[in-house]
Amino acid sequence: MKRSLMVICFFYLTGCSGSDSPSALEKGWDAFSAGNYAEAITILTEAKNDNPQNAEIRAALGWALMRTDQLQSAESEFDAGAQLANPSADLFAGWAFVLNALKDHAASNESIAELTALDPNWIFTYDQKLTYQDLMILKAENHFLLGEFQSALAAVMTVNSSFSADVATDEGRGQLAAEIERLRGDFSKQLKHLNYLF
């Protein structure tokens with residue numbers, strides 16, 4: 001009788017785990033991958049409330065908020081997640097895009113540096129058209145807008161090694177700006193959200 005009661009209690013406890021369980025995170029990412037961002041936000045917000053110390057939940061919620069133009073809220077989630085244990089490359093990628101959109105270009109590049117240290121060949125698990133090359137273009141744009149033209153050129157050359165320009169001249173800077181814009185256009189054709197992200 002005691003053994004039966006213990007088995008029943010075990011199944012009750014494991015079957016009634018909170019929304020901070022991996023299944024809640026998976027459900028949130030599933031909704032995100034299907035383009036159901038509002039549903040993802042609902043699922044992931046509940047999961048975060050149950051487990052605010054989970055960096056993966058914060059990252060997923062940040063991406064869903066970003067895709068619904070809630071940039072300040074997304075930035076807050078990425079920021080909070082980055083302070084927790086084991087933040088992922090996905091978190092830093094999303095944070096870089098949000099910071100760029102908020103015109104904090106230096107911080108955006110800091111986030112790209114964090115991502116590169118974690119995974120230099122990053123591909124976004126939940127939308128594999130988005131890769132480290134998109135972040136290199138973002139990095140080039142950030143550097144350009146900060147007036148760091150040599151660094152912008154170096155970032156461009158990681159995507160297009162055949163490009164060259166004398167960025168010490170106005171003409172060369174114009175060529176660099178045009179190349180960044182061209183690369184953005186090429187990648188945005190592959191990913192419908194890319195124009196928004198930049």
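Note that this is a predicted model, so its numbers are computed, not measured.
The salt bridge (charged side-chain N to carboxylate O under 4.0 Å, His left out) analysis of residues 52-64, with sequence neighbours excluded, yields the pairs R58-E77.
Distance alone, capped at 3.5 Å, places no donor-acceptor pair between the E141 side chain and the I137 backbone. Remark: the backbone N or O of T42 is not paired with any side-chain donor or acceptor of T45 at under 3.5 angstrom. With hydrogens and angles ignored, the 3.5 Å screen pairs no side-chain donor or acceptor of D50 with any backbone N or O of A47. Judged by distance alone, with hydrogens and angles left aside, the side-chain atoms of S111 form a donor-acceptor pair with the main-chain N or O of F92 at under 3.5 Å.
Side-chain atoms of E26 and I43, non-hydrogen and from C-beta on, never get closer than 4.5 Å to each other. Side chains of W122 and L130 form a contact here, defined as non-hydrogen atoms less than 4.5 Å apart. Inter-residue side-chain proximity for L44 and W29 is flagged as unmet; no heavy-atom pair is nearer than 4.5 Å. Contact of the L102 side chain with the Q72 side chain is registered, since non-hydrogen atoms from C-beta on lie closer than 4.5 Å. The shortest side-chain heavy-atom distance between N160 and R182 falls under the 4.5 Å cut-off. N142 has its side chain within reach of I112: a pair of non-hydrogen atoms, C-beta onward, lies under 4.5 Å apart. Within the 4.5 Å cutoff, no side-chain heavy atoms of K139 are placed close to those of T116.
For the atom pair OG (S33) and CD (Q128), the distance works out to 9.5 Å, reported to the nearest 0.5 Å. Here the CG atom belonging to D119 is positioned 10.5 Å from the OH atom belonging to Y132, to the nearest 0.5 angstrom. One distance of note links CE of M66 with OG of S73; it measures 13.0 Å at 0.5 Å rounding. In this structure, L183 CG and D134 CG are separated by 10.0 Å, a value rounded to the nearest 0.5 Å. Atom-to-atom distance recorded for N109:CG and L138:CG is 7.0 Å, nearest 0.5 angstrom. Rounding to the nearest 0.5 Å gives a distance of 6.0 Å between CG of L71 and CG of D69.
Here the shortest heavy-atom pairing between L115 and A89 reads CD1-O, 3.2 Å. Between A40 and G28, the closest heavy-atom pair is CB-O, 3.5 Å. For the residue pair A74 and V98, the shortest heavy atom distance occurs at CB-CG2, 4.0 Å. Closest approach of P52 and L84 over heavy atoms only: O-CD1, 3.5 Å. Scanning all heavy atoms of the two residues, the minimum distance from A152 to A140 falls at CB-O, 3.4 Å. Nearest heavy-atom pair across P87 and L91 is CB-CD1, 4.3 Å.
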Legend entry - Verdict with supporting geometry, I41 and Q70, side-chain contact (heavy atoms from CB on, under 4.5 Å): CA-CA 11 Å; I41 289 168; Q70 298 179 64; 3.7 Å; yes
Inset, instruction - Determine, step by step, whether F97 and L135 satisfy the side-chain contact (heavy atoms from CB on, under 4.5 Å) criterion, reporting the C-alpha distance in whole Å, the side-chain angles of both residues, the deciding distance to 0.1 Å, and the verdict. - result: CA-CA 8 Å; F97 284 120; L135 287 164; 3.8 Å; yes
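A ring-ring contact (aromatic ring centres under 6.0 Å, His included) with W63 is found for one member of F124, Y126, W95 and no other, namely F124. Here the options are Q150, H105, E148, the test is side-chain contact (heavy atoms from CB on, under 4.5 Å), and the partner is H143; only E148 passes.
Note on M157: it clusters hydrophobically with F149, by side-chain heavy-atom contacts below 4.5 Å among ILVMFWY residues. Note on I123 and M136: separate hydrophobic clusters, where clusters join Ile, Leu, Val, Met, Phe, Trp and Tyr whose side-chain heavy atoms are under 4.5 Å apart, directly or indirectly.
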N/O donor-acceptor pairs under 3.5 Å from side chains in residues 171-178, not counting sequence neighbours:
unit_1, atom_1, unit_2, atom_2, d
R173, NE, V167, O, 2.8

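More than 12 heavy atoms of other residues, nucleotides or ligands sit less than 6.0 Å from atom CG of N121.
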